[in-house]
Amino acid sequence: MAIERYNPRATEPKWQKAWDAKKLFEADNDDPRPKYYVLEMFPYPSGRIHIGHTRNYTMGDVVARYKRAKGFNVLHPMGWDAFGMPAENAAMQNKVHPKDWTYQNIAAMREQLKVMGLSLDWAREFATCDVDYYHRQQMLFLDFVEKGLVTRKSSKVNWDPEDMTVLANEQVIDGRGWRSGALVEQRELTQWFFKITDYAQDLLDSLDQLDDWPEKVKLMQQNWIGRSEGLLIRWPLATPDPGKMVAGEHELEVYTTRPDTIFGASFMAVAADHPLAKKAAEDNPALAKFIDEVHHMGTSVAALETAEKKGFDTGIRVVHPFDDTWTLPVYVANFVLMDYGTGAIFGCPSGDQRDLDFANRYGLPVIPVVMPEGENQGSFQIIDEAYTGDGVMINSRFLDGMKPDQAFDEVAKLLEQKTIGNRPMAERKVNFRLRDWGISRQRYWGCPIPMIHCEDCGVVPVPKADLPVRLPDDIEFDRPGNPLDRHPTWRHVKCPQCGKDARRETDTMDTFVDSSWYFARFTAPWANDPTDPKAATEWLPVDQYIGGIEHAILHLLYSRFFTRAMRETGHVDLAEPFKGLFTQGMVVHETYRVGSASNGRWLAPSEVRLEDVDGKRRAIEIATGEEAVIGPLEKMSKSKKNTVSPEEITDGYGADTARWFMLSDSPPERDVEWTDEGAAGAHRFIQRIWRLVSTAAETLAGTRPAAAKEGDAGVVSKAAHKALKSVGEDIEKLAFNRAIARIYELANALATPLNEVAEGKADPALKAACRQGVEVLVHLIAPVMPHLAEECWHTLGGSDLVAERPWPAYDPSLVVDSEIVLPVQVNGKKRGDLTIARDADQGAVEKAVLALDFVQKALEGKAPRKVIIVPQRIVNVVA
RNA sequence: GCGGACGUGGCGGAAUUGGUAGACGCAAGGGACUUAAAAUCCCUCGAUCUCUGAUCGUGCGGGUUCGAUCCCCGCCGUCCGCACCA
């Protein structure tokens, strides 16, 4: 009887309904089995699921399905990172309310995800814009305030002029807003901050324990936190000419990581915002003008990066800590940052390229103080390249001859003992690059910050009983800026302390706050408190977190901070939220363009026909017949139109094909190229499995599965059990491409024996082994192609669902061969093989090897110099 | 500038991290079946040569080793992160 083609369109919804009916993917917090929490970074509801999401969620789903089959109580939830600018932009452009726009998008995207057949616990779904969710976030905020983890301060902030809001440092990429792409400006504003710097050392130290995180991500976080060990040195101001006196100032505090180079110092430089600079400018119009210039030059981060190094001599002098007769000039310099260290440095031109450029420009002395080992001091000079390496100290008086790190300690020791005012002249100090996390955003579509400003009482928290602070629904988007500020009534409120008229905080929280704790909320989304600490303790940490590398710093560092802050406030009982982290690659596609670079037209993959002419690929625009230029592989983007939507695949081939293709070939951490041939190939394999299983279902009806150790049947059983072992191991390692290769191998190994069965040539042992092999195959494909697996299982006569069946156990005796094939080398080059019993001892192996024809020929009758036998691996005869 | 990763057939990639280089898939070529096509099945597929065999071959040049895709040194190239951080 002819076998009908497998029809995913009819089959897939059927099995999705069957899973739903049995609630197979809903996790029970009281289930006694060991837990496993797998999570993919939740999507922003932009409107459509794109293919990158599909790849991400498929990986998580394979892990979830596999772990479920291995007997774990699996939590695999999904939600929506739903606050943010695009909803407001849509409101301004299309007059849709951000809330309606967001929830409509969520509904559409939920349907798209359901088509993929993901084993998600939809009962726990939430969106961060749900009042229920941001209510709990406000509770957390107030708890953090109580514990002193929140501050309000005025500071220079990154201002995005297009979105008209503040951005955190992490959200500024190449001087531009991460979302709008607009050039970011510096502005002084009063903002709310989370004190992430309180945890800087802990966040750094704990990276070491994150064994299941990519090294790359840990390194990026380490650099971002940017710890440095140095010395705070207080330089006395020189006793002034009466005219050069700066009122009330006696010292200049600088931070340095190179105190060893203190005898190479030739100038001091302070930031334009430094108090000393401001004071000095009061009676120095030229300096005031320079400071003003620096401020104007520094309006954009990008301008800062390319600005020339400029300074202005304040006329102030400091005295060298080790020599009363040595004074150094104090400059205001445009390259010194007020918010790092003390906003002041000492310049050592010979040991720092930037200081050298500055010294050369302003004619300041350059004294080499560190010389490479073995160099001649008489001829060693620094002209226009600073020396920053290790070596020996020179021109440094009592430090001469020391190594720089010895000199560091010596300087620290001596200056710690000297005093200035009534403080030591120097202190060892650790500095971090990491800044506090500014969370104020001047936007409507975010979580309101639950604080009230009262003229008498100052800033007062909203009492918990008054929560949630809801976003008003009646809101206008006719002008840029913060709509909450313009709302006629919302911000008017009584002070909870004195009852007088007061004003609500109209800033909302950075959306990264929303995503910093959603993984904890998933453990008990129904809880009245932000978390149910018992459930959180049980489920957390997330065993396997999967998402894009673009969140290596932002989201992951914030979440690590938040988990610590939640522990501090009693909401969770751990510091590290994500035990295992995996960063997956992108889905890329080549681009097609008609016309020249400047006025060309991008074409979508569906608008071109690909031809193969004399081995050269050509792309032709279907509508016009014009030839298009095939461009390189790039991340799918709307602007270049090289996108493929998940529907284009699922509508034709079904979800299983999309899932299978997405995971085959490319390792999951690398980019995968979407090709039509690849998708077609994946679909061919689905049909092949279907034919194979359908045929087997007929020819093996009534046969009971059994493994065999010997003969043809043994070969089949060994192939099946070896595949079972390695596919399991590969999935544990997230090596999906390798798991898939092993599945192909098993399918290939079963094809010929199944033909023999069909032709009636098989004995009962072979039939039983084939039956078992086919059943194993069905279980192996299930994590990746769950719908096909169910259909196959059903066809084979299974009465239950594969999704609720355990992962089969392999027989250890079937994954090792009793005879092994040892490659035999002569002088390190392979000359042949030796087939011998697996348990043969070294003597027997050596004897057998030396008896081989090609070995004897190579030896020419002489005795070998050496025979190296690596058990189970290889034999090398050295002639 | 600082830090990091990577480089293997026509292509995506494997190789138990010192032990048979190229598993598995895609593409290509040949054949079978068919009136024909699609589908399917079988075979070939790193290069060169004196072709039942041999030599070369994992970006390039050295080194260590019985043996190197893997370890060491020096180059070249690609990609990524950070960047006036004192």
Side-chain angles (χ1 to χ4, degrees), chain A residues 5 173-174 214-217 219-224 226-228 230-231 254-259 261 269 271 298 301 304-309 333-337 339-348 351-355 357-358 386 388 431-435 549-550 552-553 612 615 617 661 664-667 669-673 675-682 684-685 687-688 691 726 729 735 737-748 751 755 821-833 864-879:
Chain A
R5 281 177 71 78
I173 293 147
D174 293 333
E215 285 304 318
K216 181 184 169 70
V217 173
L219 198 74
M220 281 164 70
Q221 292 213 354
Q222 190 182 313
N223 290 339
W224 190 263
R227 183 183 196 275
S228 69
L231 206 61
V254 308
Y255 175 75
T256 178
T257 55
R258 295 294 305 274
T261 64
V301 175
L304 269 180
E305 277 166 13
T306 50
E308 233 180 318
K309 283 151 198 49
N334 63 350
F335 60 86
V336 180
L337 307 172
D339 56 354
Y340 185 80
T342 62
I345 60 161
F346 81 75
C348 172
D352 183 292
Q353 190 59 45
R354 193 195 47 206
D355 292 349
D357 294 343
F358 190 83
T388 55
N431 237 318
F432 293 96
R433 210 187 70 106
L434 183 70
R435 309 295 151 82
I549 186 77
E550 67 273 20
I553 297 169
D612 213 7
R617 294 178 65 240
F661 173 68
S664 28
D665 293 355
S666 286
E669 69 276 12
R670 278 196 225 169
D671 292 349
V672 63
E673 184 195 356
T675 62
D676 288 345
E677 292 89 351
R684 266 202 306 276
F685 184 64
Q687 296 296 350
R688 191 168 153 224
R691 276 194 309 278
S726 45
E729 288 168 355
N737 57 322
R738 296 210 299 250
I740 281 175
R742 299 288 86 82
I743 292 172
Y744 274 116
E745 278 175 357
L746 178 58
N748 291 344
N755 274 338
V821 179
L822 278 181
V824 177
Q825 297 180 331
V826 177
N827 294 330
K829 284 195 176 145
K830 193 196 164 193
R831 295 293 140 160
D833 295 311
R865 295 220 328 258
K866 211 183 206 179
V867 179
I868 293 149
I869 298 167
V870 184
Q872 320 288 324
R873 280 279 152 79
I874 202 164
V875 181
N876 190 10
V877 178
V878 186

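Note that the coordinates shown come from a computational prediction; the quantities given were computed from them, not determined experimentally. Throughout, a chain's letter reflects where its sequence line sits, starting with A, and its residues are numbered from 1.
Between A:Ile553 atom CD1 and B:rC80 atom C1' there is a gap of 11 Å when expressed in whole angstrom units. In this structure, A:Asn755 places its CG atom 9 Å from C1' of B:rC41, rounding to the nearest Å. Separating the CZ atom of A:Arg684 from the P atom of B:rA39 is a distance of 8 Å, rounded to the nearest angstrom. Across the protein-nucleic acid pair, A:Arg688 atom CZ and B:rC24 atom P stand 11 Å apart, rounded to whole Å.
Across all strands shown, B:rU55 forms a Watson-Crick or G-U wobble pair, both distances under 3.5 Å, with B:rA47. Shown here, B:rG22 forms no base pair; nothing in the strands shown gives a Watson-Crick or G-U wobble contact with both key distances under 3.5 Å. B:rU40 is paired with B:rA32 under the criterion used here, namely a Watson-Crick or G-U wobble arrangement in which both key atom distances are under 3.5 Å. The partner of B:rC2 is B:rG81, judged by Watson-Crick or G-U wobble contacts that both fall below 3.5 Å. Nucleotide B:rA15 is matched to nothing when pairs are restricted to Watson-Crick or G-U wobble geometry with both distances under 3.5 angstrom. B:rG61 and B:rC73 make up a base pair, with Watson-Crick or G-U wobble contacts both under 3.5 Å.
Closest approach to the A:Lys216 side chain among B:rA86, B:rC80, B:rC85 is made by B:rC80 (side chain taken as heavy atoms from C-beta onward). Comparing B:rC84, B:rC82, B:rG25 against the side chain of A:Arg433 picks out B:rC82 as the nearest. Of the candidates B:rA86, B:rA23, B:rC82, the closest approach to any side-chain atom of A:Ala741 belongs to B:rA23.
Classification of the A:Phe685-A:Tyr744 ring pair by plane angle, with boundaries at 30° and 60°, yields tilted.
No N or O donor and acceptor, one from the side chain of A:Lys866 and one from the base of B:rC66, sit under 3.5 Å apart.
Of the residues near RNA chain B, A:Thr256 and A:Val878, the one whose nearest nucleotide (by heavy atom distance) lies more toward the 5' end is A:Val878. Summary of the strand contacts: A:Arg691 and A:Glu677 both lie near RNA chain B, and taking for each the nucleotide with the nearest heavy atom, the more 5' one is attributed to A:Glu677.
A:Val824 comes within 4.0 angstrom of nothing in the nucleic acid, heavy atoms only. Heavy atoms of A:Tyr340 sit under 4.0 angstrom from at least one base atom. At the heavy-atom level, A:Asp355 lies nowhere under 4.0 Å from the strands shown.
Between the side chains of A:Asn748 and A:Arg688, a donor-acceptor pair is found at a separation under 3.5 Å. Under 3.5 Å, the side chains of A:Tyr255 and A:Ser228 contain a donor-acceptor pair of N or O atoms.
Using a 4.5 Å heavy-atom cutoff, the side chains of A:Arg670 and A:Asn737 are not in contact.
Of the side-chain N and O atoms in A:Asn748, one or more sit less than 4.0 angstrom from OP1 or OP2 of B:rG25. In this structure, A:Arg354 reaches the B:rC85 phosphate: one of its side-chain N or O atoms is under 4.0 Å from OP1 or OP2.
Here CD1 of A:Ile874 is found 10.0 Å from CG of A:Asp833. Values are rounded to the nearest 0.5 Å. Between A:Arg258 atom CZ and A:Thr388 atom OG1 the span is 7.5 Å, to the nearest 0.5 Å. With values rounded to the nearest 0.5 angstrom, A:Asp355 atom CG is found 5.5 Å from A:Phe335 atom CZ.
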Completion exercise
With B for base contact, S for sugar-phosphate-only contact and - for none (protein heavy atoms under 4.0 Å), nucleotides 8-21 of chain B reads ----BSSSB--BB-
Restricting to nitrogen or oxygen on both sides, can you table the protein-nucleotides 49-58 of chain B pairs closer than 3.5 Å?
residue: B:rC56; atom: OP2; partner: A:Lys829; partner atom: NZ; Å: 3.3

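For B:rC51, the O4'-C1' to base torsion is within 90° of 0; the nucleotide is therefore syn.
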